[in-house]
Amino acid sequence: MKFLLIISAFAATAVMAAPTKGLSGCVATSYDQIAGTKACSAITIQGPFTVPANKKIDLTGLKTGTTIKITGTITFAKGNLDGNNDLVTIGGTNIKIDGTSGKFDGSGPLYWDGKGGNGGVNKPKFVRLSKMSGSITGLTIINSPVHTFAVSGCHGLALTGITIDNRKDHAPCGPKYALGHNTDAFDVGSSSGVTITGAKVYNNDDCLALNSGTNIVFNGNHCEGGHGISIGSIKAGSVVDGVSITGNTVVNSANAVRIKAYANATGGKVNNVTYSDITMSGITDYGIIIQQDYTNDGATGNPGGAAPITNVNLYNIHGSMAKKNRQSVYILCAKCSNFNFQKIAITGGLATKCTGISPKPMGC
Ligand SMILES: *[C@@H]1O[C@H](CO)[C@@H](O)[C@H](O)[C@H]1NC(C)=O
Ligand SMILES: *[C@@H]1O[C@H](CO)[C@@H](O)[C@H](O)[C@H]1NC(C)=O
């Protein structure tokens with residue numbers, strides 16, 4: 001009897017002690033505690049706390065199958081890191097991040113000077129997903145200094161229900177409020193099997209910029225204030241093949257649907273792209289723009305076909321322009337083929353202008 005009691009008391013202590021110890025080591029309630037959680041397979045990052053200026057969160061090299069729960073607000077104090085830095089980097093296989101009650105605040109308004117990544121004060125990028133597979137669900141990100149998400153080298157990744165808000169003090173959204181310039185929402189490169197669904201984006205640059213990748217899905221997202229849903233910019237060697245962009249709304253933005261390639265993008269190509277069920281309003285530049293004359297300094301007017309654009313389906317794309325003097329549909333190609341346009345109805349702009357597509361699709 002006595003022996004049994006000792007055993008059970010020992011067992012109870014052991015059972016209680018183990019999770020307590022494990023738990024405290026896997027919960028970070030301050031910046032300094034994050035590094036110590038990286039060996040855990042279930043991590044909690046619990047705000048509120050502040051990441052000191054010029055410090056970065058490194059969540060690369062996580063154990064396969066790690067789950068991370070982010071709660072509360074994590075604020076990144078303003079520093080002077082430049083665009084070669086990312087405030088957060090996450091990498092690993094089958095990583096599942098639950099951010100439904102978590103928020104990152106990048107202190108963007110303290111950096112924003114209207115110059116974005118092209119000059120002015122140094123601005124770090126915000127969150128890099130590097131060789132990550134798995135998922136992120138429900139995270140809210142506000143006030144990105146410049147680009148918000150960079151997705152690079154990711155194969156099999158689902159980003160679901162993410163909110164990105166880069167409006168200063170929640171000002172109305174649109175190009176004329178573009179203080180937080182170049183605050184791209186999702187930049188995707190060298191990736192496959194990436195699905196972005198149910199995002200709400202309020203920003204001042206591309207909602208999606210798909211620079212290279214295969215089998216990419218962008219579904220059911222709301223894009224407001226930026227430059228639209230873009231493939232490109234395509235540079236030398238950039239290949240985009242197999243894209244489905246469907247059921248999105250684009251509001252008060254420069255463009256809604258866009259494919260942009262440099263004229264001289266040798267070795268690049270864009271193939272097998274569907275944009276369908278897109279609703280737009282308040283578009284200031286182009287409802288649909290497909291161009292092979294893009295440069296970061298503006299379009300040249302001289303398209304080049306070094307990167308051909310082929311097999312593009314545009315289906316059920318409708319809505320309205322903000323200005324009467326801009327083209328609702330503008331295609332400037334040198335080498336574009338097999339385009340299929342159906343049910344395109346964009347009101348309030350100038351008539352469609354199409355150059356350089358063979359065969360010429362209906363309505364072009
Ligand atoms: C086109 O891309 C989609 C993914 O968006 C893919 O499912 C489909 O198989 C591709 N079609 C061809 C002919 O490659
Ligand atoms: C391609 O064109 C861009 C824009 O005109 C230019 O900046 C770049 O140097 C060109 N690249 C090559 C390899 O010619």
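Indexing begins at 1, ligand by ligand and atom by atom, following the structure's order.
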Geometry only, no angles: is N272 polar-contacting ligand 1 at N/O separations under 3.5 Å? yes
Report yes or no: is the cationic atom of R326 (NZ for Lys, CZ for Arg) under 6.0 Å from the centre of the six-membered ring of Y286, at an angle within 45° of the ring normal? yes
Could K78 and Y111 be counted as a cation-pi pair, given that NZ or CZ must be under 6.0 Å from the ring centre and within 45° of the axis? yes
Backbone of N311 reached by a side-chain donor or acceptor of N272 within 3.5 Å: no
Would a distance-only check, ignoring hydrogens and angles, find a side-chain to backbone donor-acceptor pair under 3.5 Å from N338 to T310? no
Protein contact to atom 4 (C) of ligand 2 [nearest heavy atom, distance to 0.1 Å]: T295 CG2, 3.5 Å
Nearest protein heavy-atom contact for atom 1 (C) of ligand 2: which residue, which atom, what distance? N264 ND2, 1.5 Å
Here the atoms of ligand 1 under 4.0 Å from any heavy atom belonging to S244 are 5 (O)
I'd like to check atom 14 (O) of ligand 2 in this structure: does the protein have a heavy atom lying under 4.0 Å from it?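 Yes, because at least one protein heavy atom sits under 4.0 Å from atom 14 (O) of ligand 2.
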Counting only non-hydrogen atoms of the protein, does one fall under 4.0 Å from atom 11 (N) of ligand 1? yes
Report the part of V243 in contact with ligand 1, treating N, CA, C, O as backbone and CB onward as side chain, heavy atoms under 4.0 Å; options are side chain, backbone, both, neither. backbone
Distance-minimising heavy-atom pair for P145 and P124: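 P145 and P124 have their closest heavy atoms at CB-O, 3.4 Å.
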Can you run down the side chain to side chain donor-acceptor pair (under 3.5 Å) pairs that involve residues 341-358, sequence neighbours left out, and say none if there aren't any?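 Sorted result for residues 341-358: empty, none.
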